[in-house]
Amino acid sequence: MLRTILISTLLMSNCIPGIAQPYRNNRSPLKTKPYIELPLGAIRPQGWLREMLVRQKDGATGQLDALYPSVMGARNGWLGGDGDQWERGPYWIDGLLPLAYLLDDDALKAKVQPWVDWAINSQKPDGYFGPDKDFGPEPGLQRGNAHDWWPKMVVLKILQQYYSATNDERVIKLMSGYFRYQLNTLQEKPLGHWTFWAEYRSADNLQAVYWLYNITGEKSLLSLAELLHGQGIDFISMFEKRDALSSLNSIHCVNLAQGIKEPIIYYQQNPDERFIAAVKTGFADIRKFNGQPQGMYGGDEMLHGKVPTQGSEFCSAVELMFSLEKILEITGDIQFAEHLERVAFNALPTQATDDFMARQYFQQANQVQIQRRAYNFDTNHHGTDLVFGTLTGYPCCTSNMHQGWPKFTQNLWYATADGGLAALVYSPSTVTAEVGQGVTVSITEETRYPFEEAIQFKLAFADSADSARFPFHLRMPTWCGNPQVRINGQVWPLSEITDGIAVINRTWKSGDEVVLELPMKVHTSRWYENALAVERGPLVYALKINERWEKKTLASDQAEFGTHYFEVCPESPWNYGLMDFPEKETQDVFTVTYKDQVDTTYPWNLENAPIEIKTVGKRMPGWTLYNGMAGPQPHSHTYQPDVDTPEEEITLVPYGCTTLRIAEFPVINR
């Protein structure tokens, strides 16, 4: 049910003066956000996106308690048991809960509820909540550090989402008591008292404190926020000094994905533009020293440079997405929306199987063979880090992968500080929300984006009103040179686009249709050893490599890595380079073709890839397997390599549709 806030409360919520705002923005003295997250359930996935969430429901997300009973079963400490009581149970629910409410699925809601109820009912008179007793070691379980600050930060995120969907006031009572406990305890037992994880991930705690402050106005929460910021890792200085992100093994890859938002979360209380600049410097250095075309970075598990065979952890992808979602809401900067789409449409689909029953711990940008063996990673878990399985690699990703698509869906639409709605990230969906003076509107977004260029929005109002005036914000991507908007068939002038966002402020009526056309041209980018990546719109394209999947049984270590896993072998050549060409000839060198007879409800595999790009390349005989991977990247710089093999037509498909791939191509002298 959509929640509305009384006008008396609205006037206290630090919105734009004179603008009625039906959703709670930051309360003074926090800086007003340009965009406001909508209640969970206000946005419903449609089209291929709904299919993704249904596959999660039918796959591991919906049945992890049966697939991973030793951790997610009744013994879990977050259900009152003597089993695993650290991050893994909360990780699962952090994705399962939004999935349940986005799909409005009663069975999934019933599965979530005991976890929520136990957490709330566990609270003690001093405000502490959660597991309260350490247990001895047991294989496959994390039974110590019951009082560690870190796992509770995940549960705070769960409770925020639960309150957003249900308005259950027990959440406010619990969080108020717990934050009093933190304020009274952190001086004696700071964030790093039990483990260092909480120091790196303090932003998740901090954002929950601001969320509660906006509801209750309790001033002591601002003091707690300063304490949390002061005890957390100083990411501001880290990014400004520029030494950590240019060094190998300097920071854990998931800590970076979660911590990168901290300066901008804190910016709400101390709006110094230096903090936003520091985060942008951090992202630029990730790209420069560690970046890969799919939006991620070499981190397997520590930061490991930009070689395209270095692994990128699944947890890093979903946590980076959440960080980008929170940053976008606070800044309104489309740089972060575009990075979010890059991760969601490239890295995210490829790291889980089509049925969402198995996943990789690490993925590679150039990934030509998947076997159980030791790779050139910082961490190797008995050679299982690249294969697909339920528990292969390390089970944090088994527990944490579930939040990616649900939270992406939840952040497709925002309420705006000027009383309207914003579509800053695009995918098929329907939003039902209040605008202006409390009028309810539904907007259905029909599209096959990111595979097609047209996005259609259809508006409908509730029976009590057939029109309303409100601003509609639309993102104009930087990769699109000539976007066009048509309203009811008529071109709407885009002469006023501010920071990449067009604001259409008019009186809207039921039946109005807005069509956003985002023409996509092929463009290229440069990566490790000056290799070339091919992009079109938000998608990266990779060499199409035929695949052979082989199911293998684990003879031992089943408690640690599961009963089976999948290896994937190439059935076609992979060692191609692209022929050099002048940039002005890009559109002639690459030919885009749309495939008509494919299953558009699920586009994320080779069989259903809706688009292919044809181009010319050459086999490079000297580029061979090394330690089971694509060998050292041939250099493509001042003098491209000369290769005496025939030119061939090769096919590229969207990165997210691949399992085996070359996404960073050497460039060959023509």
- Measure up the Trp86 and Trp197 rings against each other and bin them: parallel (under 30°), tilted (30 to 60°), perpendicular (over 60°).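 Trp86 vs Trp197 ring planes: perpendicular.
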Quick one: are [X] and [Y] in side-chain contact, heavy atoms under 4.5 Å?
{"X": "Cys315", "Y": "Tyr361", "result": "no"}
{"X": "Tyr200", "Y": "Ile251", "result": "yes"}
{"X": "Asn255", "Y": "Ile233", "result": "no"}
{"X": "Lys152", "Y": "Gln182", "result": "no"}
{"X": "Pro190", "Y": "Gln231", "result": "yes"}
{"X": "Arg359", "Y": "Thr398", "result": "yes"}
{"X": "Asn26", "Y": "Gln268", "result": "yes"}
{"X": "Val387", "Y": "Phe566", "result": "no"}

- Identified side-chain contact (heavy atoms from CB on, under 4.5 Å) partner of His339 from the options Ile334, Leu320, Asp333: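 Exactly one candidate clears the test, Leu320.
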Just to verify, what does [X] make a side chain to side chain donor-acceptor pair (under 3.5 Å) with, not counting sequence neighbours?
{"X": "His193", "value": "none"}
{"X": "Thr430", "value": "Gln46, Thr444"}
{"X": "Asp285", "value": "Arg242"}
{"X": "Glu319", "value": "Asn400, Gln403"}

What closest approach, in Å, do [X] and [Y] show between heavy atoms, and which atom pair accounts for it?
{"X": "Gly404", "Y": "Leu348", "value": "C-CD2, 4.1 Å"}
{"X": "Arg27", "Y": "Thr216", "value": "NH2-C, 4.2 Å"}
{"X": "Gln294", "Y": "Ser312", "value": "NE2-CB, 4.4 Å"}
{"X": "Ala337", "Y": "Val425", "value": "CB-CG2, 4.2 Å"}
{"X": "Glu313", "Y": "Cys396", "value": "OE2-SG, 3.5 Å"}
{"X": "Ile236", "Y": "Ala278", "value": "O-CB, 4.0 Å"}

Decide, yes or no, whether a salt bridge links [X] with [Y] under the criterion of side-chain N to carboxylate O below 4.0 Å.
{"X": "Arg75", "Y": "Asp84", "answer": "no"}
{"X": "Lys57", "Y": "Asp105", "answer": "yes"}
{"X": "Lys173", "Y": "Glu169", "answer": "no"}

Applying salt bridge (Lys or Arg N to Asp or Glu O under 4.0 Å), name anything that partners [X], two or more places apart in sequence or on another chain.
{"X": "Asp65", "value": "Lys111"}
{"X": "Asp117", "value": "Arg170"}
{"X": "Asp557", "value": "Arg372"}
{"X": "Glu329", "value": "Lys33, Lys326"}

- Task: List the steps, then state whether side-chain hydrogen bond (donor to acceptor under 3.5 Å, both in side chains) holds for Gln410 with Gln161.
- Result: CA-CA 10 Å; Gln410 175 64 12; Gln161 296 173 96; over 6 Å; no
- Set of residues satisfying ring pair (Phe, Tyr, Trp, His ring centres under 6.0 Å) with respect to Trp48, sequence neighbours excluded: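 Applying ring pair (Phe, Tyr, Trp, His ring centres under 6.0 Å) to Trp48 gives Trp405, Trp604.
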- Item | With sequence neighbours excluded, residues passing ring pair (Phe, Tyr, Trp, His ring centres under 6.0 Å) with His229 | Tyr266
Measuring from atom [atom1] of [X] to atom [atom2] of [Y], what distance do you get when rounded to the nearest 0.5 angstrom?
{"X": "Leu96", "Y": "Lys109", "atom1": "CG", "atom2": "NZ", "value": "12.0 Å"}
{"X": "Ile327", "Y": "Ile264", "atom1": "CD1", "atom2": "CD1", "value": "4.5 Å"}
{"X": "Lys407", "Y": "Leu40", "atom1": "NZ", "atom2": "CG", "value": "10.5 Å"}
{"X": "Gln85", "Y": "His147", "atom1": "CD", "atom2": "NE2", "value": "9.0 Å"}

- Task: Quick one: do Val279 and Thr331 satisfy side chain to side chain contact (heavy atoms under 4.5 Å, CB included)? Show the steps, please.
- Result: CA-CA 11 Å; Val279 171; Thr331 65; over 6 Å; no
- Message: Quick check with a 6.0 Å cut-off and a 45 degree axis cone: is Arg88 positioned over the face of Tyr394's six-membered ring?
- Response: yes
- Task: Taking the six-membered ring of Trp150 (Phe, Tyr or Trp), confirm whether the NZ or CZ of Arg201 is under 6.0 Å from its centre and within 45° of its axis.
- Result: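 Yes, Arg201 lies over the aromatic ring of Trp150.
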- Query: According to the salt bridge (Lys or Arg N to Asp or Glu O under 4.0 Å) rule, which pairs have a member within residues 125-137, sequence neighbours left out?
  - Reply: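 As it turns out, the salt bridge (Lys or Arg N to Asp or Glu O under 4.0 Å) pairs with a partner in residues 125-137, which skip direct neighbours, are Lys124-Asp132.
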- Would you list the pairs meeting salt bridge (Lys or Arg N to Asp or Glu O under 4.0 Å) in which at least one residue belongs to residues 203-228, sequence neighbours left out?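 Every pair satisfying salt bridge (Lys or Arg N to Asp or Glu O under 4.0 Å) with a residue in residues 203-228: Asp204-Lys261.
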- Please test Val116 against Leu97 for side chain to side chain contact (heavy atoms under 4.5 Å, CB included), starting from the C-alpha separation and ending with a verdict. CA-CA 10 Å; Val116 172; Leu97 189 147; 4.0 Å; yes
- Would you indicate whether Arg55, at its atom CZ, is surrounded by more than 12 heavy atoms from other residues, nucleotides or ligands within a distance under 6.0 Å?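 Counting other residues, nucleotides and ligands, CZ of Arg55 exceeds 12 neighbours.
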- How about Tyr210 and Asn214: does a side-chain donor come under 3.5 Å of a side-chain acceptor?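 Distance-only check fails for Tyr210 and Asn214.
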- Message: Could you go through Gln360 and Gln351, starting from their C-alpha distance and side-chain angles, then the distance that decides it, and tell me whether this counts as side-chain hydrogen bond (donor to acceptor under 3.5 Å, both in side chains)?
- Response: CA-CA 5 Å; Gln360 283 182 300; Gln351 212 151 354; 5.1 Å; no
- Is there a side chain to side chain contact (heavy atoms under 4.5 Å, CB included) between Val155 and Trp78 once you walk through the steps? CA-CA 9 Å; Val155 180; Trp78 286 97; 3.6 Å; yes
- Item | Candidate pair Lys189 and Trp194, rule side chain to side chain contact (heavy atoms under 4.5 Å, CB included), full reasoning | CA-CA 8 Å; Lys189 297 175 180 176; Trp194 284 283; 3.7 Å; yes
- Residue among Trp149, Tyr181, Phe179, Tyr178 satisfying ring pair (Phe, Tyr, Trp, His ring centres under 6.0 Å) with Tyr128: Tyr181
- Message: Out of the candidates Tyr297, Phe388, Phe377, only one should pair with Phe362 under the ring pair (Phe, Tyr, Trp, His ring centres under 6.0 Å) rule; please name it.
- Response: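 The option that passes is Phe377.
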- Query: Does the separation of the ring centres of Phe561 and Tyr565 fall below 6.0 angstrom?
  - Reply: no
- Does the pair Asn411 and Tyr414 meet the rule for a side-chain hydrogen bond (donor to acceptor under 3.5 Å, both in side chains), with working shown? CA-CA 7 Å; Asn411 287 274; Tyr414 294 94; 3.1 Å; yes
